[in-house]
*Asks:* 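The structure follows.
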Amino acid sequence: MPTVSVKRDLLFRALGRTYTDEEFDELCFEFGLELDEITSEKEIISKEQGNEKAHGASDVVLYKIDVPANRYDLLCLEGLVRGLQVFKERIKTPMYKRVMPKGEVQKLIITEETAKIRPYAVAAVLRNIKFTKDRYDSFIELQEKLHQNICRKRALVAIGTHDLDTLSGPFTYTAKKPSDIKFKPLNKSKEYTACELMNIYKTDNQLKHYLHIIENKPLYPVIYDSNGVVLSMPPIINGNHSKITVNTKNVFIECTGTDFTKAKIVLDVIVTMFSEYCENQFTVEAAEVVFPNGKLHTFPELAYRKEMVRADLINKKVGIRETPENLAKLLTRMCLKSEVIGDGNQIEVEIPPTRADIIHACDIIEDAAIAYGYNNIQMTLPKTYTIANQFPLNKLTELLRQDMAAAGFTEALTFALCSQEDIADKLGMDISATKAVHISNPKTAEFQVARTTLLPGLLKTLAANRKMPLPLKLFEISDIVIKDSSRGLLRIFSEDVGARNYRHLCAVYYNKNPGFEIIHGLLDRIMQLLDVPPGEKKGGYAIKASEGPVFFPGRCAEIFARGQSIGKLGVLHPDVITKFELTMPCSCVEINIEPFL
Amino acid sequence: MLFKLLGIFWDRGKDPDGSKDVTTGAVSDPGIEPRFPALQTDSLLFEPPAGRDTRSALGATMADGPVAEVLLRRLEAADGGLDSAELATELGVEHQSVVGAVKSLQALGQIIETELRSTKRWELTTEGEEIAQEGSHEARVFRSIPPEGLPQSELMRLPSGKVGFSKAMSNKWIRVDKSAADGPRVFRVVDSVEDEVQRRLQLVRGGQAEKLGEKERSELRKRKLLTEVTLKTYWVSKGSAFSTSISKQETELSPEMISSGSWRDRPFKPYNFSAHGVLPDSGHLHPLLKVRSQFRQIFLEMGFTEMPTDNYIESSFWNFDALFQPQQHPARDQHDTFFLRDPAQAQQLPMDYVHRVKRTHSQGGYGSQGYKYNWKLDEARKNLLRTHTTAASARALYRLAQKKPFTPAKYFSIDRVFRNETLDATHLAEFHQIEGVVADHGLTLGHLMGVLREFFTKLGITQLRFKPAYNPYTEPSMEIFSYHQGLKKWVEVGNSGIFRPEMLLPMGLPENVSVIAWGLSLERPTMIKYGINNIRELVGHKVNLQMVYDSPLCRLDAERGPPSTQEAA
């Protein structure tokens, strides 16, 4: 959830009134925002870097407000104020207009070289805008918020804003070999080639995160004006030449990207938010973009869309009984201008270009519910009549857990993810023999694989509790994961991924003596609980001498029940004990309980 | 000798130099009530069970029958009372055994009365003890010099040589002739000496320290020969039920007493009911899973059927695409989700349904604009560790949609989910998610709130309010807040919403069927319920087993304060 930081006093001035912190918090809650923190620049610096660094920093009060991830129109002070003022019916939602300039229209020509790297571009002009320091800061901050959110860290869309008066169109958006791109980038005093820049920015804390987007491509995207001045090398950096300042009057905005829809949304958001400060408020000058196929598009789209929603549908989905007129009023308060038409039950809703999040009637219904007030909705119980069933495997697990504890064993809860070492090396096995699933992007060795046995988790639990009085008797009933490429018909829903869970029961006995008879006795008890009689005949259980690297030679047996092998029990091999940083003998049993369902 | 025996009861005040505090741990400070077993017995009846601390073991060795008897007899004859330390001296036993006797008598009721006293005493140090015995170093040096003198180098090799030499020199008992042929030689100056130091130390040893002047004592203390210590003793006097005949008390009822009836004539030692009992040997259930059982119980009470969730590995398709979560969504980033290297891709997907999902994402449909992007099957095939149990809900709803005609359903699940997140005291890479789902014709937001009210009431949470929120797969969406009495503020306890038509309709569910759902984490209410601050102490191998042993029953509705939970969906 993005967090927008605004100066409190600036916010209240724009809202035309002041609030106590509690009042403002309440307003946010009702509207679906969250007043996350009340702080100041000074406090932030002092918290992050210490009191000394904060000396002299501004102590103007800042509100940090959490905004829903799909509301790009609330990512700056201008949008927040507009949204809240319309919600409180203090202003009407503005109509955003695109106009053609009296003179020549700005043109951006896309060449086909961009196709393989960053094929889309859109553009617009904010004419006769009046920045102040605060407005300018907000303009830059909004671009940053958009970059971090809808633009997916500039991978999908990157924004460039330029002082139009320093440039001369038409502009060309093309892609070139990095060695052929040379310009003076933002806030640098000399020219560099693109190759040099990529090296320089490797150590730039902000820009280094974006380099990967184009780094290994043969051609880099770049935008020139008609004099060969570089506007930007998206998505990395703008040119210094066309840098905007507080005094900039005319702003040329270009958005390039790999997602056309999102590029258009981003452009719409920027121009709708900041056209507020243009001489002609909420009016945006069009720019034309020529695509490689010769087709000409005019931007920003600033498209208004009409949706019809039946009033009774809104009432039915929310669980309220409002008149169509009231519902239209509620929607209008959410910046969705609405009126009742037709048979008196139809509501025509106008979706403005700021509300790209409205893609279905359910989004409109939610806005009606928000304006109505979630907490004003009458709570009722559905009449849905159903008979509850437990998932059989979990039911068996719940029953067994109780009796394992009654048998004197204490329940552990260990991680399903672990290191390869845990399930292989430490158990004297090769990882290839485990049939484990492997994680491709673990941040640490703790998350390399999903466990194939519960034993390592229990042994690690013992190791972490070595100071506890002996004996330690632990058990766990939980899932392990095994690669399984067979396409079983019975369990079609979980085997389609090529791996499946098995519900295992594992128990360990850790003491000065191995206590095999105790673990053996526990197995006998489990079988008694599962109503499996001893004996090799069908339906019974038996154990047979076996071996394996986990166990001390001659102290291991395989367990057979209901005609199949279900696991092993035995005394752990001293090497295993040592590798898990344990010092005492230990015996264990581990079985698959699914055959007993 | 006596004071040495009493050593552990001595509270050494200030170090003689005054430079540091040396306090001996008063191992059995009579002022502190130790944890005694319920019954004082004369013999060790039971071995303390292995693995338990001995706080409850019957038969500690404290009560000493003979000493207690002597004490009572002396007390009977005494005028007023007697001092425990003096008695120990007289009997030649350790003070501790007198204290033990006093304690066992105290436990019998009003036999004796006691008063705790502390007295200061002077005690010889080890070195002081040696000097009292052997004489001061200087006297020993003096005595070792024969009339014909002794080479200084030889004298210095004597045990008392160095210290004794300088002291004897300053006392002018001896002299050094540096002109002797074989190096410096030491001679006596006087014929005999008075060993004042030894005499004074012997006085102290004899308990007559008061005969020394303050200055003399402090000089000896500076030489680390004397030290002042505090003795804590009991002043014992007769109690209201004083009697000398307590030795015949029986400890426990025996089968023989029952059969012979002798129990009728026998006095029994009273129990100490302020002692702890012996905990039963038993296994224990894990606190988080005890809470899980309670949540299962609540859902079952409400008529919810448990969904299968025994598949940690999911395809991106079921985890995200089926939920109408677009392929560029940040949750699908490597930084948030564990993807699999092996098996990297899901083999089987229900292709008809996949095509409907693809169309809805890329072009829209079912009344939706869609997300208008290039949906890729390869992205949907990517295997991962499920990031939420909503993936299992999607599978359950898809199965429900295949059943014709539609039958209403209520589902729940509680199981593990995985996030490739930065770990801290409250976040782990895996946690448990609780999820509830209701599918029926015509469900409303009001129904969702009504079900949530019932659900949270069963958890003991009654004050709820709802905040508009955003979830990719629910619309409308609501965050659930409850008023936390302890924190005096509203805290988030869960997330909820109505599943989007773009998710339900491609599955094949009828258009007028709504599905309401909510989710929360299992860990957070558990941490609050059991007062655990670090999640590692609760979940995983670093669990504190003592905490598991000691944790009470989980009775969610009998909570004093409402448990608060965290967003999980």
Side-chain angles (χ1 to χ4, degrees), chain A residues 29 32 68-70 152 156 259 261 317-319 359-363 366 369-370 374-375 377-382 384 386 388-391 393-394 405 408-411 413-416 437-441 447 450 457 460-461 464-465 468-470 479 481 483 493-494 496-499 501, chain B residues 51 282-286 288-289 300 303-306 308 310-313 315 328 334 338-343 346-348 367-369 372-373 383 395 408 410 416 420 429-430 438 440 443-447 449-450 453 465-468 470 475-476 478 500-501 539-543 545 548:
Chain A
F29 193 94
N70 62 342
R152 292 304 314 283
L156 301 183
D259 186 316
T261 312
K317 291 283 180 192
V318 180
I359 57 174
H360 191 279
C362 66
D363 299 304
E366 179 183 71
I370 293 172
Y374 276 8
N375 296 294
I377 298 168
Q378 182 75 36
M379 298 188 203
T380 47
L381 273 183
T384 315
T386 51
N389 286 304
Q390 303 185 47
F391 181 54
L393 186 58
N394 291 355
F409 282 70
T410 291
E411 188 171 39
L413 173 64
T414 66
F415 296 127
V437 302
H438 290 260
I439 293 166
S440 67
N441 56 334
F447 311 121
K460 289 197 300 190
T461 309
N465 286 280
M468 295 294 289
L470 296 173
D479 286 358
V481 184
K483 249 187 346 178
F493 286 111
S494 45
D496 51 8
V497 293
N501 288 20
Chain B
S282 70
H284 308 265
L285 294 173
H286 190 280
L288 188 85
L289 301 179
L300 293 170
F304 284 66
T305 285
E306 192 169 30
D310 59 333
N311 57 319
Y312 295 160
I313 311 299
S315 59
Q328 317 87 341
Q334 298 274 330
F338 288 115
F339 288 94
L340 289 200
R341 171 160 64 78
D342 181 24
Q347 298 307 310
Q348 282 171 293
S368 177
Q369 301 284 311
K372 299 182 178 140
Y373 71 98
N383 277 337
R395 286 178 182 269
K410 295 197 286 208
R416 284 177 207 247
N420 196 4
E430 45 189 283
V438 185
D440 201 353
L443 293 178
T444 70
L445 209 50
H447 286 135
M449 291 161 67
R453 184 183 57 191
R465 69 175 186 163
F466 302 92
K467 175 178 152 312
Y470 169 69
E475 189 86 10
M478 302 194 301
R500 294 191 70 98
V539 183
H541 55 268
K542 289 187 183 145
V543 65
L545 277 181
V548 175

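Below, chain A is the first sequence line, B the second, and so on; all start at residue 1.
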*Asks:* Any donor and acceptor pair, going by atom type alone, linking the side chain of A/N375 with main-chain N or O of B/F466 inside 3.5 Å?
*Replies:*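 Yes, the answer is positive, given that a donor and an acceptor are paired below the 3.5 Å cut-off.
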*Asks:* Does any non-hydrogen side-chain atom of A/L413 lie less than 4.5 Å from one of B/V543?
*Replies:*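 No, their side chains stay 4.5 Å or more apart.
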*Asks:* Where on B/V438 is there a heavy atom nearer than 4.5 Å to chain A: the side chain, the backbone, both, or neither?
*Replies:*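 It is the side chain, since no backbone atom gets that close.
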*Asks:* What part of A/V481 is in contact with chain B, defined as an atom under 4.5 angstrom from a non-hydrogen atom: side chain, backbone, both or neither?
*Replies:*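 When you check distances to chain B, only side chain atoms of A/V481 fall under 4.5 Å.
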*Asks:* Tell me yes or no: between the side chains of B/E306 and A/N389, is some donor less than 3.5 Å from an acceptor?
*Replies:*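 No, A/N389 and B/E306 have no side-chain donor paired with an acceptor closer than 3.5 Å.
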*Asks:* Evaluate B/N311 against A/V497 for side chain to side chain contact (heavy atoms under 4.5 Å, CB included), listing each step before the verdict.
*Replies:* CA-CA 9 Å; B/N311 57 319; A/V497 293; over 6 Å; no
*Asks:* Which atoms of A/A416 are under 4.5 Å from chain B, going by heavy atoms: the side chain, the backbone, both sets, or neither?
*Replies:*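 Both backbone and side chain.
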*Asks:* Mind checking the NE2-NZ spacing from B/H541 to A/K460? Nearest 0.5 Å is all I need.
*Replies:*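 Interatomic distance, B/H541 NE2 to A/K460 NZ, rounded to 0.5 Å: 4.5 Å.
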*Asks:* Between B/R341, B/K467, B/H286, which has the largest tally of heavy atom pairs under 4.5 Å with chain A?
*Replies:*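 Of the candidates given, the most pairs with chain A belong to B/K467.
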*Asks:* At what distance, to the nearest 0.5 angstrom, does CE of A/M379 lie from CG of B/L445?
*Replies:*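 If I round to the nearest 0.5 Å, the distance is 10.5 Å.
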*Asks:* Excluding sequence neighbours, so at least two apart, what forms side chain to side chain contact (heavy atoms under 4.5 Å, CB included) with A/A361?
*Replies:*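 Counting only residues at least two positions away or on another chain, A/A361 forms no side chain to side chain contact (heavy atoms under 4.5 Å, CB included).
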*Asks:* Just so I know, are the side chains of A/I439 and B/L340 near enough to count as touching, which here means a heavy-atom distance under 4.5 Å?
*Replies:*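 Side-chain contact under 4.5 Å: yes.
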*Asks:* Please test A/T386 against B/F304 for side chain to side chain contact (heavy atoms under 4.5 Å, CB included), starting from the C-alpha separation and ending with a verdict.
*Replies:* CA-CA 7 Å; A/T386 51; B/F304 284 66; over 6 Å; no
*Asks:* Can you name the nearest heavy-atom pair linking B/L443 to A/P382, along with the distance?
*Replies:*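 The pair with the smallest heavy-atom distance is CD2-CB, 3.5 Å.
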*Asks:* Hey, which of B/S315, B/A346, B/P501 has the most heavy atom pairs under 4.5 Å with chain A?
*Replies:*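 Top option by heavy-atom pairs under 4.5 Å: B/P501.
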*Asks:* Decide side chain to side chain donor-acceptor pair (under 3.5 Å) for A/N441 and B/Q334; before the verdict, give the C-alpha distance in whole Å, the side-chain angles of both, and the deciding distance to 0.1 Å.
*Replies:* CA-CA 7 Å; A/N441 56 334; B/Q334 298 274 330; 3.1 Å; yes
*Asks:* Output the option from B/P408, B/P308, B/A429 having the highest count of non-hydrogen pairs under 4.5 Å with chain A.
*Replies:*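 If we count pairs closer than 4.5 Å to chain A, B/P308 comes out on top.
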*Asks:* Counting only non-hydrogen atoms closer than 4.5 Å, does B/N420 touch chain A with its backbone (N, CA, C, O), its side chain (CB onward), both, or neither?
*Replies:*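 Both parts, backbone and side chain.
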*Asks:* Is there side-chain contact between A/T384 and B/K410, with heavy atoms separated by less than 4.5 Å?
*Replies:*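 Sidechains of B/K410 and A/T384: in contact.
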*Asks:* Name the member of A/T380, A/T261, A/N394, A/T414 that forms the most heavy-atom pairs with chain B at distances under 4.5 Å.
*Replies:*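 Highest number of heavy-atom pairs under 4.5 Å: A/T380.
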*Asks:* Between B/K372, B/Q328, B/K542, which shows the greatest number of heavy-atom pairs under 4.5 Å with chain A?
*Replies:*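 Max contact count across the listed options: B/Q328.
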*Asks:* Is A/K483 close to chain B through its backbone or its side chain, or both, or neither, when contacts mean heavy atoms under 4.5 Å?
*Replies:*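 It is the side chain, since no backbone atom gets that close.
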*Asks:* Is the NZ or CZ atom of B/R465 positioned over A/Y374's six-membered ring, under 6.0 angstrom from the centre and within 45° of the axis?
*Replies:*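 No, B/R465 does not sit over the ring of A/Y374.
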*Asks:* Using a cut-off of under 4.5 Å on heavy-atom pairs, state which of A/D259, A/D479, A/I370 scores highest against chain B.
*Replies:*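 The residue among A/D259, A/D479, A/I370 with the greatest pair count is A/D479.
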*Asks:* Please enumerate all residues that pass salt bridge (Lys or Arg N to Asp or Glu O under 4.0 Å) together with A/D363, with sequence neighbours excluded.
*Replies:*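 For A/D363, the residues satisfying salt bridge (Lys or Arg N to Asp or Glu O under 4.0 Å) (neighbours in sequence not counted) are B/R500.
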*Asks:* Given that the side chain runs from C-beta out, which part of A/F409 has a heavy atom under 4.5 Å from chain B: side chain, backbone, both or neither?
*Replies:*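 Contact with chain B is through the backbone of A/F409 alone.
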*Asks:* In terms of heavy-atom pairs under 4.5 Å, which option from A/A369, A/P68, A/C362, A/A464 contacts chain B the most?
*Replies:*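 It is A/C362.
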*Asks:* Using a 3.5 Å distance criterion without hydrogens, assess whether the side chain of A/S440 forms a donor-acceptor pair with backbone atoms of B/F339.
*Replies:*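 Checking the backbone N and O of B/F339 against the side chain of A/S440, a donor-acceptor pair under 3.5 Å is found.
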*Asks:* What's the spacing between A/F391 CZ and B/D310 CG if we round to 0.5 Å?
*Replies:*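 A/F391 atom CZ to B/D310 atom CG measures 4.0 Å (nearest 0.5 Å).
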*Asks:* Identify which part of A/L156 has an atom lying under 4.5 Å from any heavy atom of chain B, answering side chain, backbone, both or neither.
*Replies:*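 The answer is the side chain of A/L156.
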*Asks:* At a 4.5 Å cut-off on heavy atoms, which part of A/Q390 comes close to chain B: side chain, backbone, both, or neither?
*Replies:*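 Contact with chain B: backbone and side chain both.
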*Asks:* For A/N465, which atoms come within 4.5 Å of any heavy atom of chain B: side chain, backbone, both, or neither?
*Replies:*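 For A/N465, side-chain heavy atoms alone lie under 4.5 Å from chain B.
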*Asks:* Side chains of B/P468 and A/E366: does their closest heavy-atom pair fall under 4.5 Å?
*Replies:*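 No. Closest side-chain heavy atoms not under 4.5 Å.
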*Asks:* Measure the shortest side-chain to side-chain distance between B/I313 and A/V437 over non-hydrogen atoms and say whether it is less than 4.5 angstrom.
*Replies:*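 Yes - at least one pair of side-chain heavy atoms lies under 4.5 Å apart.
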*Asks:* Determine the option with the most heavy-atom pairs under 4.5 angstrom with chain B, choosing from A/R152, A/M468, A/Q378.
*Replies:*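 Option with the greatest count: A/R152.
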*Asks:* Could you give the distance from CG (B/L288) to CD (A/E411), rounded to the nearest 0.5 Å?
*Replies:*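 Result: 9.5 Å between the selected atoms.
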*Asks:* So, do B/M449 and A/I377 sit near enough that their side-chain heavy atoms are less than 4.5 Å apart?
*Replies:*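 Yes - at least one pair of side-chain heavy atoms lies under 4.5 Å apart.
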